[in-house]
Amino acid sequence: MTSGTASGTAALQERRYRILVTGYAISSYGTFLNVVALSLYVYAVTDRALAVGVFMAVRLAAGFVAGLAAAAVLARWSAKGVMFWANVAQAAALLLLVLAPDGFRTGTLFAVSTVVGASGTLFMVTLRSSIPDMVGEGRHTWANSLMVSGRSMAMVAGFASSGVVVSLLGYTAAFLVDMATFLVCALTVLLLPMSMGPARGNEENEEKDSQGKDGGDGQGSQEEEGTDGPGSRGGRRRVPAALVALGAVPVLGLMVALRGIDALGSSSHNAALPVYSTELDADNPAVFVSVFWCVWALGNVLVQQVLQRYTKRTGRSVGALGFGLGTIAMSGTFILAFAGLPWAATVLVALLAGAADGLTEVSYTSHLQTLPSPLRTHAFGLSATVENLGFGVGMIVVAAALDVFTPLSVVGVAHGAAIVLALVYVARVLRGRGAQEPQEAHEPQQAQETVPGSEEREGKNGKGESGAGPARGGHRDGAEVSGG
């Protein structure tokens with residue numbers, strides 16, 4: 001009876017999560033349609049290329065600030081409420097843009113840029129940090145793969161259809177379509193079995209319950225140290241909470257730094273692709289860009305299927321080492337994409353780039369999800385801030401560099417920096433794993449065996465985070481989250 005109830009609960013969780021991912025994929029389509037439609041509209045309204053750059057800068061700056069504020073927001077409001085209102089805010093901003101009089105459109109555009117940038121970041125931080133609570137133990141890799149697959153397909157659909165939608169239906173129709181996608185996502189959020197209200201009272205009750213039940217196991221004290229943040233007594237530890245999150249895992253600081261450099265590399269190939277495509281075929285510059293991103297998305301989706309089957313068969317995720325190796329492969333393939341290879345080779349490179357990109361996304365997200373809940377929010381918020389900073393700075397530097405240097409040299413330097421840092425990161429992970437294996441060899445055999453339900457007990461005893469991600473395998477990669 002207990003087994004049947006647990007199975008039914010897991011099936012219900014999976015079904016509701018699939019519905020949420022469907023809504024997220026639909027809103028992602030709106031987001032990528034937005035990127036093209038809004039940029040074109042800014043230029044049409046202002047007739048200045050500089051305004052397009054400022055528009056993107058405002059959007060990234062809003063995302064940067066939202067990443068810093070995410071932990072404070074989630075300390076006061078439930079994840080469901082934040083995700084719901086983040087989508088409603090974006091829909092309302094687009095409706096305001098449609099209804100704005102001619103004289104107010106420029107100002108409204110930058111207000112929309114701010115709302116979309118901040119709300120999009122808040123939604124993603126909340127979604128990623130809440131996945132462990134939505135899908136249960138041992139399902140993180142599957143859940144992250146499903147999320148990344150949906151976004152990848154939405155990206156291709158959004159970019160591919162943006163020109164058609166804008167040219168045939170006009171800007172107003174494009175904005176209304178965008179608005180509808182965010183409202184659909186908001187409706188799927190409402191189906192989640194979570195509270196919409198403020199989270200503060202619930203957190204206090206849960207903290208008292210955990211203190212009463214777990215006594216002195218050490219895990220509660222670690223979480224309290226990291227969660228004396230916004231809204232806590234005296235508000236004394238708002239900034240240190242993010243630092244606690246970085247210190248909770250041996251290589252997490254380096255991991256987040258690598259993610260930021262990777263974002264800088266991403267800015268280089270995003271900016272260089274139109275330039276390189278024009279050099280290849282000045283009459284049809286969109287051909288190379290379209291083919292590249294479609295094949296990239298195919299590789300991304302394919303690797304998610306492989307990851308899901310690997311996790312289901314072995315019960316393990318790719319872990320921190322997979323993130324480092326995936327970053328090296330991804331950066332290397334993006335450099336090769338600009339090397340002037342024959343079409344067939346370039347298509348293969350794009351496929352591998354998409355697969356490596358999907359691997360890094362899932363391994364990175366899954367690994368951060370091994371953090372205890374309060375620290376997890378700070379880690380994802382800090383990560384979003386670093387990624388926005390890396391991408392924003394990269395767009396400025398790369399745009400200037402492309403006026404002087406070739407796309408291959410610019411992308412080579414940017415992604416080359418990511419490869420160098422990734423090599424340092426991989427060496428650090430391997431060194432940590434090598435130091436950890438002798439310790440595990442001295443542990444009692446019973447402690448090393450994995451039996452059904454042991455992940456949960458292990459997490460409560462302070463030896464691992466209940467079945468989360470890489471901690472479930474027989475080998476640890478030196479970047480585990482310790483519960484105690």
Side-chain angles (χ1 to χ4, degrees), residues 59-77 79 82-83 86 117-133 140 144 199 203 222-232 235-267 320 323-324 327 360-394 418 421-422 425 428-429 465 468-469 479-482:
R59 184 169 181 165
L60 289 169
F64 178 91
V65 174
L68 292 175
V73 172
L74 287 169
R76 290 175 170 82
W77 297 95
V82 172
M83 288 191 290
S119 298
T121 298
L122 277 176
F123 177 85
M124 283 309 304
V125 170
T126 307
L127 174 59
R128 288 171 173 169
S129 62
S130 301
I131 282 177
D133 301 322
H140 303 173
N144 293 324
E203 286 185 355
Q222 180 188 9
E223 293 187 10
E224 285 176 3
E225 182 180 354
T227 56
D228 261 353
S232 65
R236 294 172 297 172
R237 299 187 182 180
R238 296 183 181 182
V239 175
L243 300 180
V244 170
L246 284 180
V249 188
V251 294
L252 184 58
L254 187 58
M255 200 176 197
V256 173
L258 177 56
R259 191 69 171 174
I261 297 298
D262 175 47
L264 188 148
S266 296
S267 70
F323 169 68
T327 300
T360 58
E361 174 75 12
V362 172
S363 57
Y364 179 77
T365 303
S366 298
H367 212 73
L368 261 62
Q369 287 166 351
T370 64
L371 285 164
S373 180
L375 295 184
R376 188 166 67 233
T377 301
H378 284 284
F380 276 108
L382 183 63
S383 175
T385 297
V386 171
E387 290 176 51
N388 277 296
L389 178 63
F391 194 85
V393 171
L421 186 57
Y425 169 81
R428 173 66 181 83
V429 171
E465 182 65 12
E480 287 313 313
V481 178
S482 175

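From a predicted model like this one, the values you see are computed outputs, not experimental measurements.
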Between CG on residue D262 and CD on residue E387, distance to nearest 0.5 Å
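D262 atom CG to E387 atom CD measures 8.0 Å (nearest 0.5 Å).
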What closest approach, in Å, do [X] and [Y] show between heavy atoms, and which atom pair accounts for it?
| X | Y | result |
| --- | --- | --- |
| M255 | L368 | SD-CD1, 4.2 Å |
| S129 | L74 | OG-CD1, 4.3 Å |
| A422 | G324 | CB-O, 3.9 Å |
| G381 | A70 | CA-CB, 4.3 Å |
| T377 | A71 | CG2-CA, 3.7 Å |
| F123 | A86 | CB-CB, 4.0 Å |

For L252 and L371: C-alpha separation, side-chain torsions, deciding distance, then whether side-chain contact (heavy atoms from CB on, under 4.5 Å) applies.
CA-CA 10 Å; L252 184 58; L371 285 164; 4.0 Å; yes
Under the side chain to side chain donor-acceptor pair (under 3.5 Å) rule, collect the residues that match up with [X], sequence neighbours excluded.
| X | result |
| --- | --- |
| R128 | E361 |
| N144 | S366, Q369 |
| S363 | none |

Is [Y] close to [X] at the side-chain level, that is, under 4.5 Å between some pair of heavy atoms?
| X | Y | result |
| --- | --- | --- |
| V429 | L254 | no |
| R59 | T121 | no |
| R259 | T360 | yes |

For L264, does its backbone N or O pair with a side-chain atom of S267 as donor and acceptor, under 3.5 Å?
yes
Distance-only donor-acceptor hits, side chain of residues 60-69, under 3.5 Å, sequence neighbours excluded:
none

Suppose we screen for ring pair (Phe, Tyr, Trp, His ring centres under 6.0 Å). Which residues come up paired with F380, at least two apart in sequence or across chains?
none
Apply the test side-chain contact (heavy atoms from CB on, under 4.5 Å) to residues L258 and F323: give CA-CA distance (whole Å), side-chain angles for both, the deciding distance (0.1 Å), then the verdict.
CA-CA 10 Å; L258 177 56; F323 169 68; 3.6 Å; yes
Scan side-chain atoms only and decide if S383 and Y364 contain a donor-acceptor pair under the 3.5 Å cut-off.
yes
